[in-house]
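Note sheet for the following structure.
Indexing begins at 1, ligand by ligand and atom by atom, following the structure's order. Computed from a prediction, not measured in an experiment: that's the story for all the values here. Note that the numbering runs from 1 along the sequence shown for the chain.
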Amino acid sequence: MTTVPPPTQAYWRDSSERYGIVTRVLHWLMAALLLWQFVGMGLRLLLGRDSIASFFVGLHQPVGTVLFLLILVRLIWARSNRRNRPDHGSGFIATTARLGHGAMYVLMLTVPSLALLRAWGGERVFAPFGFEIFPAREVEIAWTGKLAGLLHGELAWVMALLILGHVGMVIVHERMWRDDTLSRMAGRRG
Ligand code: HEM
């Protein structure tokens, strides 16, 4: 008797069992770039501008611009895979996880958007990696700078706290509940 093989899941797409290669690359690449941003700004707060912080902060704007582009791709990809992802389940913890993930997505979009808005409205040319995106203005659009000055850094630190909570919950899943949640994003499941 011949057995019918199970339908093969395209490895780049997500499934109910695990995240596919595209989601995983986006997740870990963004995690590394966000770490760069927070380590740099954290060191700047602790040690001042003229320290090792300048090594990280010197690339803050270009790296932030790349993060902005990556979150756009990630949102589109998440939407196209929304019916096809591991389920968080139901109950209080699952709802909190959903809300926490949603808040991180909102902040990953808002934080760089505010800074880019300030760059668009500013008097200086904005050219990350040497590519001119916004030319210099003769007169700045003051509200863009005020809005970003008020919210960019503050919301970024809120995002950092949410990311710490996210990492903390992964540790709880791995060490206490031992439900192998990390493997969905780490690629240990087929
Ligand atoms: C997801 C991406 C980004 C993250 C996580 C991030 C994070 C941060 C953090 C934590 C600070 C320090 C706030 C403080 O001093 O307490 C900061 C400041 C700053 N960021 Fe970003 N940033 C991002 C994207 C960008 C982009 C795209 C630009 C430029 C277009 C930019 C420009 C600046 C500037 C000029 C400052 C110093 C002035 C200020 O605090 O507003 N950032 N950012």
Side-chain angles (χ1 to χ4, degrees), residues 19 22-82 96-171 185-186:
Y19 294 99
V22 175
T23 302
R24 278 187 263 140
V25 167
L26 285 168
H27 176 273
W28 293 111
L29 181 59
M30 288 189 70
L33 296 179
L34 284 168
L35 187 66
W36 179 279
Q37 300 291 73
F38 288 122
V39 166
M41 286 304 177
L43 287 173
R44 193 185 75 166
L45 274 183
L46 289 173
L47 307 174
R49 281 170 190 274
D50 299 325
S51 65
I52 177 81
S54 62
F55 172 70
F56 295 92
V57 175
L59 280 179
H60 184 84
Q61 299 196 13
V63 168
T65 308
V66 171
L67 275 164
F68 172 76
L69 295 174
L70 287 174
I71 189 62
L72 293 183
V73 174
R74 194 164 172 190
L75 284 169
I76 293 166
W77 185 250
R79 191 168 161 74
S80 74
N81 280 269
R82 68 189 182 285
T96 313
R98 259 188 221 103
L99 288 176
H101 290 163
M104 278 193 285
Y105 272 108
V106 169
L107 289 174
M108 283 189 293
L109 184 63
T110 312
V111 167
S113 299
L114 284 165
L116 288 169
L117 188 70
R118 172 172 57 193
W120 168 77
E123 281 171 329
R124 295 222 305 254
V125 63
F126 182 66
F129 301 113
F131 294 105
E132 183 175 317
I133 298 182
F134 304 131
R137 283 178 190 277
E138 288 190 5
V139 183
E140 70 166 340
I141 303 175
W143 66 265
T144 62
K146 283 195 187 121
L147 191 66
L150 210 60
L151 292 175
H152 174 70
E154 277 66 13
L155 290 182
W157 292 122
V158 173
M159 192 206 301
L161 286 179
L162 284 176
I163 292 172
L164 279 181
H166 176 69
V167 173
M169 284 312 293
V170 172
I171 294 170
M185 195 54 99

Would you say R82's side chain and R79's backbone share a donor-acceptor pair under 3.5 angstrom? yes
Checking side chain to side chain contact (heavy atoms under 4.5 Å, CB included) for the pair Q37/L67: CA distance, chi angles, key distance, verdict? CA-CA 10 Å; Q37 300 291 73; L67 275 164; 3.8 Å; yes
Could you grab the angle centred on atom 21 (Fe) of ligand 1, going from NE2 in H152 to NE2 in H60, to 10°? 180°
Can you check which of M41, M108, E154 brings a heavy atom nearest to atom 18 (C) of ligand 1? M41
Looking only at protein heavy atoms, which one is nearest to atom 2 (C) of ligand 1, and how far off is it? L67 CD1, 3.7 Å
In terms of atom number and element, which parts of ligand 1 are under 4.0 angstrom from non-hydrogen atoms of F126? 30 (C)
Sub-4.0 Å heavy-atom contact, R44 with ligand 1: yes
Which of the atoms in ligand 1, numbered in the order shown and given with their element, are less than 4.0 Å from a heavy-atom of Q37? 3 (C), 22 (N), 23 (C), 24 (C)
Evaluation steps, side chain to side chain contact (heavy atoms under 4.5 Å, CB included), between V167 and I171: CA-CA 6 Å; V167 173; I171 294 170; 4.3 Å; yes
Quick one: do W77 and Y19 satisfy ring-ring contact (aromatic ring centres under 6.0 Å, His included)? Show the steps, please. CA-CA 11 Å; W77 185 250; Y19 294 99; over 10 Å; no
Exam field: side chain R118 to backbone K146, donor-acceptor pair closer than 3.5 Å: no
Ignoring angles and geometry beyond distance, decide whether R118 reaches within less than 3.5 Å of ligand 1 through its nitrogen or oxygen atoms. yes
Within-shell test, F38 vs ligand 1, heavy atom, strictly < 4.0 Å: yes
Return a yes/no value: protein heavy atom under 4.0 Å from atom 40 (O) of ligand 1? no
Closest to atom 31 (C) of ligand 1 among A115, G64, G122 (heavy-atom distance): A115
Please determine which of T144, L147, L150 meets the side chain to side chain contact (heavy atoms under 4.5 Å, CB included) test together with L114. L147
Go through the steps to decide whether V66 and F129 satisfy the test side chain to side chain contact (heavy atoms under 4.5 Å, CB included), and finish with yes or no. CA-CA 10 Å; V66 171; F129 301 113; 3.7 Å; yes
Hey, is the main chain of F134 close enough, under 3.5 Å, to the side chain of W120 for a donor-acceptor pair? no
Closest approach of any protein heavy atom to atom 14 (C) of ligand 1, naming residue and atom: W157 NE1, 3.5 Å
Decide whether the shortest distance between a heavy atom of P112 and an atom of ligand 1 is less than 4.0 Å. yes
